[in-house]
Amino acid sequence: MEAIIKTFMDEVKTRNGHEPEFIQAVQEVAETVIPYIVNNEIYHGKNILLRMVEPERLISFRVAWVDDKGEIHVNRGYRIQMNSAIGPYKGGLRFHPTVNASILKFLAFEQVFKNSLTTLPMGGGKGGSDFDPKGKSDDEVMRFCHAFMLELNRHIGPNTDVPAGDIGVGAREVGYLFGMYKKIRNEFTGVLTGKGLSWGGSRIRPEATGYGTVYFAQSMLNTKNDDIKGKTVVISGSGNVAQYAAEKVIQLGGKVLTMSDSSGYIHDKEGIDADKLAFIMDLKNNRRGRISEYTEKYSSATFHKGKKPWSVKCDIALPCATQNELNLEHAKELMKNGCRCVAEGANMPSTAEAIHAFHDAKILFAPGKASNAGGVATSGLEMSQNSLRISWTREEVDERLKGIMSDIHDSCIEYGKEDDGYCNYVKGANIAGFVKVADAMLAQGVI
Ligand SMILES: NC(=O)C1=CN([C@@H]2O[C@H](COP(=O)(O)OP(=O)(O)OC[C@H]3O[C@@H](n4cnc5c(N)ncnc54)[C@H](OP(=O)(O)O)[C@@H]3O)[C@@H](O)[C@H]2O)C=CC1
Ligand SMILES: O=C(O)CCC(=O)C(=O)O
């Protein structure tokens with residue numbers, strides 16, 4: 001088996017040599033899915049996985065825009081249309097200076113499996129730009145978004161490709177992007193998700209990724225007759241996913257000890273309660289400040305510059321910031337301090353070595369493509385509401401989100417349970433996600 005996986009990965013590496021994040025994401029899938037393919041004859045001789053690692057389309061374009069001083073800037077825009085076997089391409093846009101083809105291809109590849117797991121008819125895609133929204137005025141962000149959509153609009157549509165937010169792209173950016181799409185195309189459609197409530201957005205979409213991650217962690221704990229109530233929780237990030245993961249943990253009776261941003265983390269030994277979280281939301285979403293400012297307001301907290309929060313003793317860890325933010329050393333430290341459950345809110349936040357360590361220790365570990373799928377699932381619900389031209393209540397959307405997260409958990413158990421009863425959620429998510437897409441590709445022939 002190892003030789004087959006190696007031959008496959010050698011070919012992937014030859015074609016994508018300078019794309020480490022993409023290779024990392026493919027390696028994880030290859031290790032779990034190739035043995036499944038070998039044991040299932042219907043997939044033999046079809047090169048399905050080799051076809052899945054090649055984007056159907058990779059679009060790269062110039063984005064020129066003018067800052068407040070009248071200076072012209074040039075950024076690079078992308079859209080990776082990875083796989084449309086089960087529905088229109090669907091996945092977020094990331095605006096961050098580190099954005100490149102490797103990062104977007106890993107995100108688009110993971111999105112294919114994640115979207116399949118949601119049970120909704122969505123293919124996988126991802127896009128973005130190396131534009132850095134930090135320190136830019138609202139007008140600059142607006143001009144950049146408009147320039148970006150001036151090109152992107154010709155590649156997307158409600159039945160073709162439906163982008164949404166990701167790092168650096170929230171409600172503000174989706175608004176500017178949607179405005180320009182509507183102006184150019186002269187049509188009001190559900191071409192983007194994460195829209196504002198008064199113009200086609202879904203209730204619970206802002207909350208969905210964070211809430212869904214905690215629902216998934218709760219399902220994992222339930223398999224051990226346990227739950228979140230009374231547990232200490234360490235969270236990284238302080239953006240969209242981290243904020244609503246924290247909110248749900250607090251609602252379920254857990255104690256949130258940390259949050260972070262790219263400059264470091266804050267540790268509040270008394271716990272971040274609802275009022276303190278409201279302060280963080282205002283700080284991050286409106287004042288666009290730094291997480292260190294929390295310690296100026298709350299003396300129970302300390303700020304740890306340039307550090308990640310994984311050395312803080314906890315029962316549960318929720319990495320919700322970015323890829324590869326939790327490595328082998330961090331994993332060992334977490335487990336040494338008693339952490340027994342890790343659910344990824346971010347995409348690929350744990351390195352391969354960290355994941356292997358979690359598996360070796362047989363602790364509960366959920367990969368992002370399963371545990372953070374609530375965001376895109378609720379985007380799928382937004383698409384349904386847009387098509388039907390109706391709007392569901394908060395309770396209706398939340399119930400559907402809970403149902404989807406529970407179904408994803410069941411699928412992971414179905415394909416990931418090992419002989420000793422331990423559930424390898426990585427294996428479960430990869431195989432369950434693969435089967436639906438692969439079957440659709442088989443039915444549609446070689447295209
Ligand atoms: N939004 C969504 O619906 C979904 C998001 N995700 C994933 O969740 C993660 C977070 O996304 P989201 O909350 O939307 O993004 P936001 O932009 O709202 O927040 C990102 C957070 O991560 C921090 N961060 C970003 N880069 C780094 C870095 N290199 N080192 C340390 N901290 C960093 C940011 O800090 P700073 O402000 O200092 O940059 C910020 O606190 C990403 O991996 C994303 O792909 C997954 C599914 C859906
Ligand atoms: O809601 C969406 O379409 C995007 C979500 C996303 O980018 C993700 O799941 O990583």
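Below, each value reflects all heavy atoms present in this structure, side chains not excepted, and no hydrogens, waters or symmetry copies.
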(message) I need the single residue from R154, R57, R79 that forms a salt bridge (charged side-chain N to carboxylate O under 4.0 Å, His left out) with D161. Which is it?
(response) R79
(message) For the residue pair D268 / S300, report whether a side-chain donor-acceptor contact shorter than 3.5 Å exists.
(response) yes
(request) Please confirm whether K276 makes a cation-pi placement over Y298, using NZ or CZ under 6.0 Å from the six-membered ring centre and within 45° of the ring normal. (result) yes
(request) May I ask you to check whether Y415 and Y425 place their ring centres under 6.0 Å from each other? (result) no
(message) Is it the case that the side chain of W310 and the backbone of E325 share a donor-acceptor pair, with hydrogens and angles ignored and the cut-off at 3.5 Å?
(response) yes
(message) What I want to find out is whether R394 reaches E207 closely enough, with some N-O distance under 4.0 Å, to be called a salt bridge.
(response) yes
(message) If only side-chain N and O atoms count, and only distance matters, is there a donor-acceptor pair under 3.5 Å linking S84 with E56?
(response) yes
(message) Surrounding CZ of R185 (heavy atoms of other residues, nucleotides or ligands, distance under 6.0 Å), is the total greater than 12?
(response) yes
(request) Return yes if a side-chain donor-acceptor contact under 3.5 Å exists between N372 and K114, otherwise no. (result) yes
(message) If only side-chain N and O atoms count, and only distance matters, is there a donor-acceptor pair under 3.5 Å linking E247 with Y211?
(response) yes
(request) Nearest 0.5 Å please: distance from the NZ atom of K126 over to the CG atom of N347. (result) 5.0 Å
(message) With no hydrogens and no angle check, just 3.5 Å: does a side-chain donor-acceptor pair link S262 and R290?
(response) yes
(message) So that I can tick it off, tell me whether D67 and R143 are bridged by a salt bridge, with the cut-off set at under 4.0 angstrom between side-chain N and carboxylate O.
(response) no
(message) Ignoring hydrogens, what is the shortest heavy-atom contact between G168 and E173? Give both atom names and the distance.
(response) O-CD, 3.5 Å
(message) Around atom CD1 of I72, are there more than 12 heavy atoms from other residues, nucleotides or ligands closer than 6.0 Å?
(response) no
(message) Quick check on salt bridge (charged side-chain N to carboxylate O under 4.0 Å, His left out): which of K90, K195, R205 does E382 satisfy it with?
(response) K195
(message) Closer than 4.0 angstrom, basic N to acidic O: yes or no for E11 and R15?
(response) yes
(request) Tell me yes or no: between the side chains of D398 and Y215, is some donor less than 3.5 Å from an acceptor? (result) yes
(message) Do D68 and S137 pair up side chain to side chain, a donor and an acceptor below 3.5 Å, judged on atom types alone?
(response) yes
(request) Before accepting this row, confirm whether a basic side-chain N of the pair K255/E270 lies closer than 4.0 Å to the acidic partner's carboxylate O. (result) no
(message) Please report the interatomic distance CG(L381) to CG(L120), rounded to the nearest 0.5 Å.
(response) 6.0 Å
(request) Would you mind reporting whether Y244 and V214 have side-chain heavy atoms less than 4.5 Å apart? (result) no
(message) Is the terminal nitrogen or CZ of K182 (NZ for Lys, CZ for Arg) located under 6.0 angstrom from the six-membered ring centre of F188 and within 45° of that ring's axis?
(response) no
(message) Pairing donors with acceptors under 3.5 angstrom, does anything connect the side chains of Y89 and Q111?
(response) no
(message) Could you check whether N100 and E19, counting side-chain N and O atoms only, form a donor-acceptor pair closer than 3.5 Å?
(response) no
(request) Answer yes or no: is there an ion pair linking E28 with K369, defined by an N-O contact shorter than 4.0 Å? (result) yes
(request) May I ask you to check whether F131 and F144 place their ring centres under 6.0 Å from each other? (result) yes
(message) I'd like to check the side chain to side chain contact (heavy atoms under 4.5 Å, CB included) partners of A343; sequence neighbours left out, ordered by chain and number.
(response) T213, A217, M220, L318, A366, S371
(request) Check whether any side-chain heavy atom of F148 sits under 4.5 Å from a side-chain heavy atom of F61, and report yes or no. (result) yes
(message) Testing the 3.5 Å rule here: is there a donor-acceptor pair between the side chains of H409 and S411?
(response) no
(message) Any non-hydrogen side-chain atom of V63 less than 4.5 Å from a side-chain atom of E151?
(response) no
(message) Tell me the closest heavy-atom pair linking V342 and P319, and the distance in Å.
(response) CG1-CD, 4.0 Å
(message) Taking side-chain contact (heavy atoms from CB on, under 4.5 Å) as the criterion, tell me which of T232, L334, V312, V233 meets it with C339.
(response) L334
(request) Answer yes or no: does atom CZ of R287 have more than 12 heavy-atom neighbours from other residues, nucleotides or ligands under 6.0 Å? (result) yes
(message) Is it true that Q385 and S202 share a donor-acceptor pair across their side chains at a distance under 3.5 Å?
(response) yes
(request) Would you give the length of the straight line joining atom CD of E353 to atom CG of N327, rounded to the nearest 0.5 angstrom? (result) 8.5 Å
(request) State whether W392 and R203 meet the cation-pi test: NZ (Lys) or CZ (Arg) under 6.0 Å from the six-membered ring centroid, and within 45° of the perpendicular axis. (result) no
